[in-house]
Amino acid sequence: GAVVSQHPSWVICKSGTSVKIECRSLDFQATTMFWYRQFPKQSLMLMATSNEGSKATYEQGVEKDKFLINHASLTLSTLTVTSAHPEDSSFYICSARTGRVGTEAFFGQGTRLTVV
Amino acid sequence: GDSVTQMEGPVTLSEEAFLTINCTYTATGYPSLFWYVQYPGEGLQLLLKATKADDKGSNKGFEATYRKETTSFHLEKGSVQVSDSAVYFCALRGAAGNKLTFGGGTRVLVKP
């Protein structure tokens, strides 16, 4: 199957700093990428949907100025957590699919963010 | 809106036991249904899927049947292995076909 790679796998940062997480589709063009957040022992919550070259669509309750999403190319999307705080500590997972609605989305391995 | 409800875990089993994880859904139209598996520290992997009523998805010994009359998509495996220990997520993709809605996840622990 198609491969989606996230980097870094884990990151520790200080409160107030910003952290960038990359999501790459390695062997297909990802017109659409999704960013999820997963709290410990909980399900995935969709944060935003991004289409290449367009502004991301954020889910209700997600601060777009805090979680900046860029999807500038067909193989790369980035999530930047700005001015991170301990409550932003979480497992962030991206998924990507081609442009056709209904096609399978492939998931990255996730990034564990710890803000100290 | 769309929602998925699955049984809470953890589910602890002995090797070779029978596994069932219940999943029910609420959605308009005719959603596609999925089971994903998440191993410790990793992202999600698609385990199986079904796109229409009465379809049976199967993979690696796991099966689930799309039951529209009961709005269910229960996951079963006849004989689990220690390597099946993971968190299992039931999910649906609505008729609009854009995003996935996940259940809460069920942690399964298989002991030797």
Side-chain angles (χ1 to χ4, degrees), chain A residues 1-10 21-26 31-51 54 56-62 90-114, chain B residues 1-12 21 23-25 27 29-52 55 57 59-60 85-109:
Chain A
V3 179
V4 175
S5 177
Q6 263 183 260
H7 179 80
S9 297
W10 59 270
I21 302 170
E22 294 186 347
C23 178
R24 294 181 183 272
S25 57
L26 298 186
T31 305
T32 304
M33 289 189 171
F34 305 87
W35 286 95
Y36 296 85
R37 183 173 180 177
Q38 185 181 29
F39 292 100
K41 299 184 180 181
Q42 295 188 30
S43 188
L44 282 74
M45 301 301 295
L46 179 65
M47 299 174 67
T49 302
S50 72
N51 293 299
S54 302
T57 301
Y58 290 81
E59 295 297 302
Q60 193 171 9
V62 178
S90 194
F91 196 56
Y92 293 88
I93 303 177
C94 72
S95 72
R97 65 167 173 80
T98 60
R100 286 178 49 223
V101 172
T103 54
E104 181 179 345
F106 298 93
F107 285 79
Q109 75 272 31
T111 297
R112 182 162 301 285
L113 169 64
T114 302
Chain B
D2 296 344
S3 67
V4 177
T5 302
Q6 61 182 105
M7 60 189 289
E8 289 189 23
V11 174
T12 303
I21 304 176
C23 170
T24 56
Y25 67 90
Y30 299 91
S32 295
L33 302 175
F34 304 83
W35 278 100
Y36 285 87
V37 58
Q38 184 181 33
Y39 297 102
E42 298 183 15
L44 272 69
Q45 301 174 27
L46 178 64
L47 182 59
L48 54 83
K49 65 179 181 182
T51 57
K52 61 183 187 293
D55 267 2
N59 185 27
K60 298 181 181 179
S85 298
V87 180
Y88 293 82
F89 292 93
C90 185
L92 71 81
R93 186 175 61 215
N98 195 31
K99 60 183 183 182
L100 291 166
T101 300
F102 287 90
T106 302
R107 184 175 301 275
V108 173
L109 176 61

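Letters A, B, ... are given to chains in the order of the sequence lines, protein chains preceding strands, and every chain is numbered from 1.
When every heavy atom of A:S43 is checked against every heavy atom of B:G104, the shortest pair comes out as CB-CA, 3.5 Å. The two residues A:E59 and B:K99 make their nearest non-hydrogen contact at OE1-NZ, 3.0 Å.
At a 4.5 Å heavy-atom cutoff, the contact between A:L44 and chain B is made by backbone and side-chain atoms alike. For B:Q38, the part lying under 4.5 angstrom from a heavy atom of chain A is the side chain only. Both the backbone and the side chain of B:F102 have a heavy atom closer than 4.5 Å to some heavy atom of chain A. Heavy atoms of B:Y36 lying under 4.5 Å from chain A belong exclusively to its side chain. In this structure, the portion of B:L46 lying under 4.5 Å from any heavy atom of chain A is its side chain and not its backbone.
By the neighbour-count criterion of 12 heavy atoms within 6.0 Å, atom CE of B:M7 is densely surrounded, having more than that number from other residues, nucleotides or ligands. Enclosure of atom OH in B:Y30 is not indicated, since only 12 or fewer non-hydrogen atoms of other residues, nucleotides or ligands lie within 6.0 angstrom.
Per-residue counts of heavy-atom pairs under 4.5 Å with chain B were compared for A:F107, A:Y36, A:W10; the largest is that of A:F107. Between chain A and the residues B:V87, B:T51, B:L100, B:V4, the largest count of heavy-atom pairs under 4.5 Å involves B:L100.
The CD atom of A:Q6 lies 12.0 Å from the CD atom of B:E42; values are rounded to the nearest 0.5 Å. Atoms CD and CG, on A:Q38 and B:L44 in that order, are 7.0 Å from each other to the nearest 0.5 Å.
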